[in-house]
Protein chains: 2
Amino acid sequence: MYNPAQKISKDMMKQMNQKLVLRILKEKGSASKSELSKITGLTLPAITDIMTELELYQVIENLGESRIKRGRFPTLFQLKKEVFHVIGVSIRSESIRVGLYNILGETMAYTETALPENTDPETMMERVNEVIQVVIQKYEVGSLNILGIGLGMHGIVNPMEGISVYPPHLQWENVPIRQLLENKTKLPVLVDNDCNSLTLAEYWFGKGENLNSFITINVDYGVGAGIMIDSQLFHGRNYGAGQIGHTIIQDNGPLCSCGNYGCLETLSSELSIAGQARSKIKQGFPSLLKERYTDVNHVTITDIYDAAHNNDKLASNILEEASRYLGIGLSTLANVFNPEKIIITGGILRGKQSVMDPLIESFYTHALKTNVEDFEITTSGLGAKADVLGAATLWVEHVFKGDFPLSKAGKEGIT
Amino acid sequence: MYNPAQKISKDMMKQMNQKLVLRILKEKGSASKSELSKITGLTLPAITDIMTELELYQVIENLGESRIKRGRFPTLFQLKKEVFHVIGVSIRSESIRVGLYNILGETMAYTETALPENTDPETMMERVNEVIQVVIQKYEVGSLNILGIGLGMHGIVNPMEGISVYPPHLQWENVPIRQLLENKTKLPVLVDNDCNSLTLAEYWFGKGENLNSFITINVDYGVGAGIMIDSQLFHGRNYGAGQIGHTIIQDNGPLCSCGNYGCLETLSSELSIAGQARSKIKQGFPSLLKERYTDVNHVTITDIYDAAHNNDKLASNILEEASRYLGIGLSTLANVFNPEKIIITGGILRGKQSVMDPLIESFYTHALKTNVEDFEITTSGLGAKADVLGAATLWVEHVFKGDFPLSKAGKEGIT
DNA sequence: CTATTTTGTAAAGTAAGTTTATTATAATAA
DNA sequence: TTATTATAATAAACTTACTTTACAAAATAG
């Protein structure tokens, strides 16, 4: 693609400096003009100008004086969090989750419902809209400004055009989900891949806070990665970056749904773990799992985690091996990206130490030492609903970083 | 790392727009003010302002009128290429190469010499300086402005501090090579890893020209990658990005120098290919290679390429297998980065179709289809001295993209 | 020769920042 | 109590990169 010539204008300069101030306020909680001047390098009059406009848009509020040792007391300001509210929607394989958050990621309301019988785009979005309306009802709408809706989906998503390009678990292709949902809800919608949304959630509210570069690994049905580079989500040329699930780890390993052999996903995803367990049980390996089920085909990944925590040998061994492979896959990412941190999230966290211990050991064994100095591999602390928060965070990113004038953000969202 | 708050100032705005104009001039060869205005989106008076300053600094020159169908004839301008000259230095495992280039990458002079007996930093840099002086002599120095020296080195390099952190083939650690060379040459020096330099060369003068995202793979002694993301070289947190050589492709494969088993480098580097060939010959496999050498240990990688081109079965098979593994490694990069292009360079290119055919086939077999749509995997067209050009290109990047005021670029370099 | 088209400059205007001067207010020292 | 010092903040003038508007210059079409 030709790299489009892009001029910088005074408007952009103002916007960027304004958003810089907002980011500092979000991070610090509160700050005085003098502090902001020192942090940003902008002069005090420049900060005063910016703050005047932010107050005009009712984006910040005066917190009163704070005491210092000597000299005139500074006036503190903070984000007026009730100005920005956003809705997060996560379409999962078994349910639709919707949450209402303020700009600081605090939950205002939350609901979850099953998928509709029919999962064609139209019915799906109709159901999503119903749940959104429920969530809006839960909270008295009049008092808050809903900036918009963030939607997280599995598969390849084109966030620029708002299109669900290719979601493997659904019978869709190139569906304009943004348009569909905007038509139904009459609210502006942002869309991205679920892994990317999770990564944004970690960046703004989790263990990736303010990191320049880190990678979020989501392991449940499959294995995916969200990549943050230079504090910027990295999508790749046609929004396919981070597809670590089909990295080949074991040449001539087990057959994968993608047609190749030995992909990480065939060795480490929850789907493959469950499959391996069922097949081992059928082969006659002794296990708690066998005792609990007459029909082996009903063994779920949750059962396997449970069994492992009850010291079942078979379950532990399978989890250990899968985690070891995952560690190898992640070491590849550390070698190639040299990030500051890797954050692990998704259903796999339910495996706790049965998963994390072998994973971390294998990771450090296989990663280049120079690339994991002053580095951390850790689990997400955002909890089981991180996907919904992540979807909502698409708007946080938009407000604090996006290239749109702030004035509109404050007004457009007013209902 | 904490993401430093970075304001945008009017100075930066001007600088960026000025460099934007320069980039367009470099790319198009020449342009009129009116054209520049249309391409950049800047108004004509703004362009006039910028061009006046660029002429003042003698960075551009008037090319006279060009004919158009209707209306006043536009005046064309072009980069004054004799203003900027740069020296590229490549320190290789067996030699030091030095070249003198203009800002358009055209070679003015070139020399190559053996490494000194003693490869400690001091002697090494002394030798480098000698060769630089020879190259400068070759060209009558008085007439040109040498902006500075670009130095490309293998191993981990910290380009910010100008330090060779860890070069595996040398007995160094954390050597301030920039400082050393600046002291000797009295010219400003820029340093980076050889793979990264090669990638810049492809971006400015090769098949990566103006691409947003692509990856350069260098295969010779080892296997390394240079990564271009968002038209920006991606270094990673502590300058270790792109270390694809130690990606594990074959769990429990051959032992690698890094201590792990089945790294890409043990399967696909020229070193490993040569090793495999020698061991197969010793095992008694028939081959042209055996007939030519009494001492098998003298078989080199060049011999293997030759043998393969003469239809030697053993050589061909080994190259084919190594290339197949390389294809798997590159498919991982395509899956994870989803770049626009992958460019292959390094000694391996001497293997020609014996290497490229199986590599490409294996690559497309293993890469995710969605990630290699509208994608190209290709060989570098920059020739065997791309490493030297690449080193010099560190300055091209600095001039056209770097965050330093242009006025200084034009003046500092004057000898 | 005039109308039209395109390139380009001149002069005034805009606005986001900086510089300099000044005010406000608190703690501390005389 | 009063002067001094430190820190926060504003006011007013200045700077400057870009835009707007007006217009000049130069070429072709008719």
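Residue numbers start from 1 in every chain, and the chains themselves are labelled A, B, ... in the order their sequence lines are given, proteins ahead of strands.
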**Student:** Between C:dT9, D:dT19, D:dA9, which nucleotide has the shortest distance from any of its atoms to the side chain of B:L44?
**Tutor:**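 The listed nucleotide nearest to B:L44's side chain is C:dT9.
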**Student:** Check the distance between D:dC18's C1' and B:L36's CG and give it to me in whole angstrom.
**Tutor:** 16 Å
**Student:** For the pair made of CD1 in B:I47 and P in C:dG8, what is the distance, rounded to whole Å?
**Tutor:**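 Rounding to the nearest Å, CD1 of B:I47 and P of C:dG8 are 11 Å apart.
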**Student:** Counting side-chain heavy atoms from C-beta on, which of C:dT14, D:dT28, D:dT19 comes nearest to A:K10?
**Tutor:** C:dT14
**Student:** Does the side chain of B:H235 come under 3.5 Å of the side chain of B:D192 through a donor N or O and an acceptor N or O?
**Tutor:** yes
**Student:** Both A:A46 and A:R67 contact DNA chain C. Taking the nearest nucleotide for each, which residue is further toward the 5' end?
**Tutor:** A:A46
**Student:** Can you check the A:Q6 CD to D:dC18 P distance for me, whole Å?
**Tutor:** 13 Å
**Student:** On the nucleotide C:dT7, are OP1 or OP2 found under 4.0 Å from the side-chain N or O atoms that B:K38 carries?
**Tutor:**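 So the side chain of B:K38 is within the cut-off, an N or O lying under 4.0 Å from OP1 or OP2 of C:dT7.
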**Student:** A:I68 side chain: which of D:dA8, D:dT28, C:dT9 is closest?
**Tutor:**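 When the side chain of A:I68 is considered, D:dA8 is the closest of D:dA8, D:dT28, C:dT9.
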**Student:** A:P45 side chain: which of D:dA12, C:dG8, D:dA8 is closest?
**Tutor:**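 The listed nucleotide nearest to A:P45's side chain is D:dA12.
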**Student:** In whole angstroms, how far is the P atom of D:dC18 from the NZ atom of A:K7?
**Tutor:**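 After rounding, the reported distance stands at 9 Å.
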**Student:** Is it the case that the base of C:dT5 and the side chain of B:R70 share a donor-acceptor contact (distance under 3.5 Å, atom types as modelled)?
**Tutor:** no
**Student:** Tell me the closest heavy-atom pair linking B:Q78 and B:S30, and the distance in Å.
**Tutor:**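 Looks like CB-CB, 4.2 Å.
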**Student:** From the set C:dG8, D:dA27, C:dA26, return the single nucleotide nearest to any side-chain atom of A:F73.
**Tutor:** C:dA26
**Student:** Less than 4.0 angstrom between a side-chain N/O of A:S9 and OP1 or OP2 of D:dA17, yes or no?
**Tutor:** no
**Student:** Nearest to the B:T48 side chain among C:dT18, C:dT9, C:dT7, which nucleotide is it?
**Tutor:** C:dT9
**Student:** Mind checking if A:D11 touches a base, just sugar-phosphate, or nothing, with heavy atoms under 4.0 Å?
**Tutor:** nothing
**Student:** For A:E65 and C:dA27, what is the distance between atoms CD and C1' respectively, to the nearest whole Å?
**Tutor:** 14 Å
**Student:** How about B:K33 and B:P74: do any of their side-chain heavy atoms sit closer than 4.5 Å?
**Tutor:** no
**Student:** Would you mind telling me which of C:dG17, D:dC18, D:dA9 lies closest to the side-chain atoms of A:K33?
**Tutor:**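 Ranking C:dG17, D:dC18, D:dA9 by closest atom to the A:K33 side chain puts D:dA9 first.
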**Student:** Of all the nucleotides listed (D:dA9, D:dT16, C:dT6), which has the minimum atom distance to the side chain of B:R72?
**Tutor:** C:dT6
**Student:** In terms of side-chain geometry, is the basic nitrogen of B:K14 or B:E53 positioned less than 4.0 Å from the acidic oxygen of its partner?
**Tutor:**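 Salt bridge flag = yes for B:E53 with B:K14.
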**Student:** Using a heavy-atom cut-off of 4.0 Å across all strands, would you classify B:S32 as base, sugar-phosphate, or nothing?
**Tutor:** sugar-phosphate
**Student:** Please compare A:I8 and A:E35 by the position of their nearest nucleotide in DNA chain D and report the one closer to 5'.
**Tutor:** A:E35
**Student:** Would you indicate, yes or no, if C:dT7 has its OP1 or OP2 atom less than 4.0 angstrom from a side-chain nitrogen or oxygen of B:T75?
**Tutor:**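 No, because none of the side-chain N or O atoms of B:T75 sits under 4.0 Å from OP1 or OP2 of C:dT7.
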**Student:** Roughly, in whole Å, what's the span from CG in A:N17 to C1' in C:dG17?
**Tutor:**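 So the two atoms are 9 Å apart, to the nearest Å.
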**Student:** Within this structure, what is the CZ-OG distance for the pair B:R72 and B:S34, rounded to the nearest 0.5 Å?
**Tutor:** 10.5 Å
**Student:** Please give, in whole Å, the distance from D:dT19 P to B:D49 CG?
**Tutor:** 11 Å
**Student:** Please report the distance, rounded to the nearest Å, between CD1 in B:I50 and P in C:dG8.
**Tutor:** 15 Å
**Student:** Is B:E35 salt-bridged to B:K28, cutoff N-O under 4.0 Å?
**Tutor:**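 Looking at B:K28 together with B:E35, the answer is yes, because their closest N to O distance falls below 4.0 Å.
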**Student:** Answer with base, sugar-phosphate or nothing: what part of the nucleic acid does A:T43 contact at a heavy-atom distance below 4.0 Å?
**Tutor:**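 Base contact - A:T43 has a heavy atom under 4.0 Å of at least one base atom.
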